[in-house]
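Note on naming: letters A, B, ... go to the chains in the order of the sequence lines (proteins, then strands), and numbering restarts at 1 for each one. FYI, side chains are in, hydrogens and waters are out, and symmetry mates aren't considered; it's all heavy atoms of this structure.
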Amino acid sequence: AQSVTQPDIHITVSEGASLELRCNYSYGATPYLFWYVQSPGQGLQLLLKYFSGDTLVQGIKGFEAEFKRSQSSFNLRKPSVHWSDAAEYFCALREAGTALIFGKGTTLSVSS
Amino acid sequence: DVKVTQSSRYLVKRTGEKVFLECVQDMDHENMFWYRQDPGLGLRLIYFSYDVKMKEKGDIPEGYSVSREKKERFSLILESASTNQTSMYLCASSGDSLSSYEQYFGPGTRLTVT
């Protein structure tokens, strides 16, 4: 069965430090993968997506993600975190059809 | 820009009331979705619709129904609200072409049932 796992429930990073949020998926075919961010009390905003081609994808707000088929991973990275990046981050997989399967999310805190 | 709007940001209802949550999208998207979001559980799909008057059950449809009479509008109905339906409800829409596979979300409705 298709699934998305975000191993880290909560991560704290110092402002200016680099960030990597982990995402692992289980899916038989080539996946369509997404990262979303949710600020407190808000809906989800798309950060980036992977459909095919270049395995390193660039997104908004300085985020990037790398698709690694051999590791079934799609980790999100940012070289220098800003306090405004504090939010909850969701990895998602589009299964056959239209629905998305979401991970349970990783909450990012940024310390000064 | 795609815009998905939800009728209320905050809603307080009593147990047993019938509750309507409305969602409207302006991108002519074929697909619309209702999720509920609870701490530690992430987003769980309640229902989705891939066309007018068409609907499919998601992972947790019990206690909910939906209506899609027009392409742009998708309603979630709680026939008899219960306290365990207190949650954040998120609506989303997406297209059918590769360029529009991602889902666009509304701001959410935080529903409290007392």
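Environment of CZ in R44(B): crowded, with over 12 heavy atoms of neighbouring residues, nucleotides or ligands closer than 6.0 Å.
Of the inter-residue distances, the one linking K104(A) atom NZ with Q37(B) atom CD reads 12.5 Å to the nearest 0.5 angstrom. Between atom CZ of residue F105(B) and atom CD of residue Q42(A) there is a gap of 14.0 Å, rounded to the nearest 0.5 Å. Taken to the nearest 0.5 Å, the CG atom of L100(A) stands 9.0 Å off from the CG atom of L45(B).
Between the side chain of R9(B) and the main chain of G41(A), a donor-acceptor pair closer than 3.5 Å is present.
Taking both residues in full, the closest heavy atoms of E102(B) and F51(A) are given as OE1-CZ, 4.3 Å, listed atom of the first, atom of the second, then distance. The shortest heavy-atom contact between L90(B) and G43(A) is CD2-CA, 4.1 Å.
In this structure, the portion of E88(A) lying under 4.5 Å from any heavy atom of chain B is its side chain and not its backbone. The part of F33(B) that comes within reach of chain A is its side chain, from C-beta onward, which places non-hydrogen atoms under 4.5 angstrom from that chain. Q45(A) does not touch chain B: none of its heavy atoms, backbone or side chain, sits under 4.5 Å away.
With contacts defined as side-chain heavy-atom distances shorter than 4.5 Å, the pair Q103(B)/Y36(A) qualifies.
Residue I46(B) is not grouped with residue Y104(B) when hydrophobic side chains (ILVMFWY) are merged at heavy-atom distances under 4.5 angstrom, including chains of intermediate members. Follow the hydrophobic side-chain contacts under 4.5 Å out from F90(A) and you reach F34(A) in the same cluster. Under the 4.5 Å side-chain contact rule for hydrophobic residues, I9(A) and I11(A) do not share a cluster. Linking ILVMFWY residues whenever their side-chain heavy atoms come closer than 4.5 Å, directly or via other members, leaves V66(B) and L43(B) in distinct clusters.
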